[in-house]
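Below you'll find the structure, written out as structure tokens, and then a few comments.
Within every chain, numbering begins at 1; the chains are lettered A, B, ... in the order of the sequence lines, protein sequences first and strands thereafter.
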Amino acid sequence: QKEVEQNSGPLSVPEGAIASLNCTYSDRGSQSFFWYRQYSGKSPELIMSIYSNGDKEDGRFTAQLNKASQYVSLLIRDSQPSDSATYLCAVNTRTDKLIFGTGTRLQVFP
Amino acid sequence: SQTIHQWPATLVQPVGSPLSLECTVEGTSNPNLYWYRQAAGRGLQLLFYSVGIGQISSEVPQNLSASRPQDRQFILSSKKLLLSDSGFYLCAWSLDSGPYEQYFGPGTRLTVT
């Protein structure tokens, strides 16, 4: 079992729709959770951090964490073509390292 | 604010040649530093990380090595490149205390021919 799992996609959504990206993790002791956005040919960019159960909103982005189900998600409201990228989920498992998922490719079409 | 630099941006090297990639961080002290490699269409592979000067942890045994000669400088090296070393090399930093969110540099795209 992979430590951090994501569906590779592509996830295709029309412009203006909500994109829902999901991530599961295996270590119940994980404490910090992050979402990165990576455009093709570019380095990953941190877009959301979440540390406690529930929702955290930042503009069009909402991160959701459910530690009991070992599940973290990212919602993107009013999706735009500029949101088309690969989204990486990362988890801190009580060390000074992050475990990254392999990413979900999101395509937003006009 | 903190800034992370990597150079060169792109590099084409023949098989068997040496490699030196450099990463520097500005605006913070005693950061944790990380080297990753991302092969085409693949996920991030952690190669090395460092929690202080001269302290290097290797995640993957291979022909690469890393050094941290100064607090905010991290160097990735190889004596002889292999074709399989091609990829996108990323340096990242985090604070030396939790939650360890990492910030990436712009990366170096290495092609070994």
Side-chain angles (χ1 to χ4, degrees), chain A residues 2-10 21 23-25 27 29-53 56 58 61 63 65 67 72 74 85-107, chain B residues 1-10 21 23 25 30-52 55-60 66 68 74 87-111:
Chain A
K2 292 183 181 178
E3 294 181 81
V4 177
E5 293 206 51
Q6 296 181 255
N7 188 315
S8 61
L21 304 162
C23 172
T24 58
Y25 59 95
D27 187 343
S30 299
Q31 298 176 336
S32 308
F33 306 86
F34 308 97
W35 283 100
Y36 288 80
R37 177 177 62 199
Q38 186 176 22
Y39 292 114
S40 180
K42 302 295 185 182
S43 62
E45 173 192 11
L46 179 66
I47 56 172
M48 288 291 285
S49 307
I50 188 166
Y51 311 114
S52 55
N53 279 329
K56 179 182 177 182
D58 184 359
F61 298 101
L65 176 61
K67 289 186 177 181
V72 58
L74 179 70
T86 297
Y87 289 80
L88 304 172
C89 173
V91 175
N92 173 254
T93 57
R94 294 170 290 175
T95 69
D96 46 14
K97 298 182 289 185
L98 296 182
I99 307 298
F100 284 85
T102 53
T104 298
R105 188 157 64 95
L106 172 66
Q107 294 177 335
Chain B
S1 64
Q2 299 85 8
T3 309
I4 180 168
H5 303 279
Q6 278 187 253
W7 62 91
T10 60
L21 302 180
C23 169
V25 180
N30 197 37
N32 288 350
L33 297 172
Y34 308 84
W35 276 113
Y36 291 88
R37 178 171 61 201
Q38 189 174 40
R42 307 290 296 274
L44 293 172
Q45 179 187 31
L46 179 63
L47 302 174
F48 301 94
Y49 73 100
S50 171
V51 299
Q55 300 178 65
I56 308 294
S57 296
S58 174
E59 294 292 302
V60 183
R68 185 170 176 173
F74 205 21
F88 192 34
Y89 286 81
L90 292 157
C91 181
W93 73 272
S94 73
L95 294 174
D96 60 351
S97 57
Y100 301 111
E101 54 195 48
Q102 293 179 16
Y103 299 90
F104 287 84
T108 295
R109 189 160 304 280
L110 172 66
T111 303

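For the set Asn92(A), Leu46(A), Asp96(A), the entry with the most heavy-atom pairs within less than 4.5 Å of chain B is Asp96(A). Among the candidates Gln38(B), Gln45(B), Glu101(B), Arg42(B), the residue making the largest number of heavy-atom pairs closer than 4.5 Å to chain A is Glu101(B). The residue among Ala90(A), Pro44(A), Gly41(A), Ser32(A) with the most heavy atom pairs within less than 4.5 Å of chain B is Pro44(A).
In this structure Ser43(A) satisfies the side chain to side chain donor-acceptor pair (under 3.5 Å) test with no other residue, sequence neighbours excluded. Every residue two or more places apart in sequence or in another chain was checked for a ring pair (Phe, Tyr, Trp, His ring centres under 6.0 Å) with Tyr49(B), and none qualifies.
At a 4.5 Å heavy-atom cutoff, Leu95(B) makes no contact with chain A through either its backbone or its side chain. Only the side chain of Gln38(A) comes within less than 4.5 Å of a heavy atom of chain B; its backbone N, CA, C and O stay farther away. In this structure, the portion of Leu88(A) lying under 4.5 Å from any heavy atom of chain B is its side chain and not its backbone. When heavy atoms are compared at a cutoff of 4.5 Å, Thr86(A) does not approach chain B at all.
Heavy-atom minimum distance, Tyr39(A) versus Ala85(A): CD2-CB, 3.7 Å. Pairing each heavy atom of Lys67(A) with each of Tyr25(A), the nearest pair is CA-OH, 3.4 Å.
The closest side-chain heavy-atom distance from Tyr34(B) to Leu44(B) is not below 4.5 Å.
Under the 3.5 Å distance criterion, with hydrogens and angles disregarded, a donor-acceptor pair is assigned to the side chains of Arg37(B) and Tyr89(B).
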